[in-house]
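Worksheet for the structure shown next.
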Number of protein chains: 2
Amino acid sequence: MKEKPDLLKISELWIRILNKMDADEKMAKDFGTGDLLHCSEIHTVMAIGKNPDTNLTSLSLLLGISKSAISQMTGRLVVKGLIEKHRDSKNEKEVRFRLSPKGRIAYLGHEQHHAKIYARMHRNLGDLTDDEFSLIIRFLSAMEKTLDESGHGEK
Amino acid sequence: MKEKPDLLKISELWIRILNKMDADEKMAKDFGTGDLLHCSEIHTVMAIGKNPDTNLTSLSLLLGISKSAISQMTGRLVVKGLIEKHRDSKNEKEVRFRLSPKGRIAYLGHEQHHAKIYARMHRNLGDLTDDEFSLIIRFLSAMEKTLDESGHGEK
DNA sequence: ACATTTAGTTAAGCATGTTAACTATATAGA
DNA sequence: TCTATATAGTTAACATGCTTAACTAAATGT
């Protein structure tokens, strides 16, 4: 990386961002379906929308949470009518998920919401080259790997 | 910014990292005192170490959580022997906090712990040029600014 | 002095995750 | 083919770290 002051700067920024996001995390929003969806609920909806017919295990890896958590979360989302669970006859073991019509509304609602945030982000960040993008990915991946290794964060 | 796939990739990585940190928050660690301290416990210890003799209300503002949460947290930390609560005779209403000797050990332990994580991060990320470093800062700053503007995150 | 504000505590509850123990299905090797 | 093992998912019990609401006690101001 670099000398200490730089590391500290990244670390401080990182922690501050996380705290701000965290504060926010607790607020549920209506993404156009009339339901109030919590952060992790809409995230799951988005993950399923982007990866139709993924099974539970993949979803768990994708989102970085336990299969148990996914199982509970998807159960709740089925009850709320945002996603559908199905098993195809070829594979009676795996459960797959897809969005319900209502789920698609929430999906689009969230995308609009995102689009606004991306626009803001773009205004704040400016255009990035391919190289710059890969550096960011590299940085975040290192972050994730460090997290995986240490078995715990240092938020 | 750029085309969609890149945005998605960053977004997914980001969410996964946050989830992992979150999961992690629940794991306790020994910072050299023989006690297992949870993330928010050590954070409180750090905050008190950096701001000796703050009262509960200030601590609550400082950490951005409710007075109730602070009250519960500090209660636990007193039981664990990491901090001390005191009221000075001039003011029987406010409670003030300071680190116990054991708390100071944890404080230092946490600082060392940070150093180790930096080292791991360095191993995973490699050296960065000045330009690369500033790009990361630019990215994170944009992230923070975007968050500030929208008045709420979208984790 | 009494009413109001301020500081802190406590109880109950919620969102989100975990691990451990479980069932059911798929697969690979004798 | 039969059986052992690995894989997919579920469930129960619990942990963490917050919240709000209702409370007590001390300080303040009129």
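Hydrogens, waters and symmetry mates play no part in the numbers below; they use all other heavy atoms, side chains included. Here is how names work: the chains are called A, B, and so on, in the same order as the sequence lines, proteins then strands, and each is numbered from 1.
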*asked:* Rounding to an integer number of Å, can you tell me how far B:I42 CD1 sits from D:dG17 P?
replied: 12 Å
_Please pick, from C:dT9, C:dT16, D:dA8, the nucleotide with the shortest atom-to-atom distance to any side-chain atom of A:H38._
C:dT16
*Any chance you could lay out the side chain to side chain donor-acceptor pair (under 3.5 Å) test for B:N55 and B:S58, step after step, and finish with the verdict?*
CA-CA 6 Å; B:N55 66 10; B:S58 320; 2.4 Å; yes
*Would you verify whether the NZ or CZ of A:K29 falls within 45 degrees of the ring axis of A:F31 while also being under 6.0 Å from that six-membered ring's centre?*
no
*Whole-Å distance between C:dG8 C1' and B:L59 CG?*
13 Å
*Any salt bridge (Lys or Arg N to Asp or Glu O under 4.0 Å) involving residues 39-64 of chain B? Give me the pairs, sequence neighbours left out, ordered by first then second residue.*
B:E41-B:R76, B:E41-B:K80, B:D53-B:R98
*asked:* How many whole angstroms separate atom CG of B:L56 from atom C1' of C:dG8?
replied: 6 Å
*Euclidean distance, atom NE2 of residue B:H43 to atom C1' of D:dC18 [Å, nearest integer]*: 15 Å
*Using a 4.0 Å heavy-atom cut-off, write out nucleotides 24-30 of chain D from 5' to 3' as B (base contacted by protein), S (sugar-phosphate only) or - (no contact).*
--BS---
*Pick the nucleotide of DNA chain C nearest each of B:S58 and A:A69; which residue has the one closer to the 5' end?*
B:S58
_I want to check one thing: is the phosphate of C:dG8, taken as OP1 and OP2, less than 4.0 Å away from some side-chain N or O of B:T57?_
yes
*Answer yes or no: does a side-chain N or O of A:R96 lie under 4.0 Å from OP1 or OP2 of D:dA8?*
no
*Is the distance from OP1 or OP2 of D:dC18 to the nearest side-chain N or O of B:K67 less than 4.0 Å?*
no
*Whole angstrom is fine here: how far is it from NZ in A:K29 over to C1' in C:dA15?*
15 Å
*asked:* Between C1' on C:dA26 and CG on A:N55, what's the gap in Å once rounded to a whole number?
replied: 14 Å
*OP1 or OP2 of C:dT18 less than 4.0 angstrom from a side-chain nitrogen or oxygen of A:S68, does that happen here?*
no
*asked:* What's A:S66 touching, base or sugar-phosphate or nothing? Going by heavy atoms closer than 4.0 Å.
replied: base
*Check against side chain to side chain donor-acceptor pair (under 3.5 Å), B:T33 and B:D35*: CA-CA 5 Å; B:T33 63; B:D35 308 270; 2.8 Å; yes
*Please identify each residue that fulfils salt bridge (charged side-chain N to carboxylate O under 4.0 Å, His left out) with A:R104, with sequence neighbours left out.*
none
_Heavy-atom side-chain contact between A:M46 and A:I42 under 4.5 Å_ = yes
*asked:* Expressed as a whole number of angstroms, how long is the span from B:R76:CZ to D:dC18:P?
replied: 8 Å
_Return the CG to CD1 distance between B:L128 and B:I136, rounded to the nearest 0.5 Å._
5.0 Å
*Please state how far atom CE in A:M73 lies from atom P in D:dG9, giving the value in whole angstrom units.*
17 Å
_Ignoring hydrogens and geometry beyond distance, is the side chain of B:Q72 in donor-acceptor contact with the base of D:dT19 at under 3.5 Å?_
yes
*asked:* Can you see if the side chain of A:S71 gets near the phosphate of D:dG9 - specifically, an N or O under 4.0 Å from OP1 or OP2?
replied: no
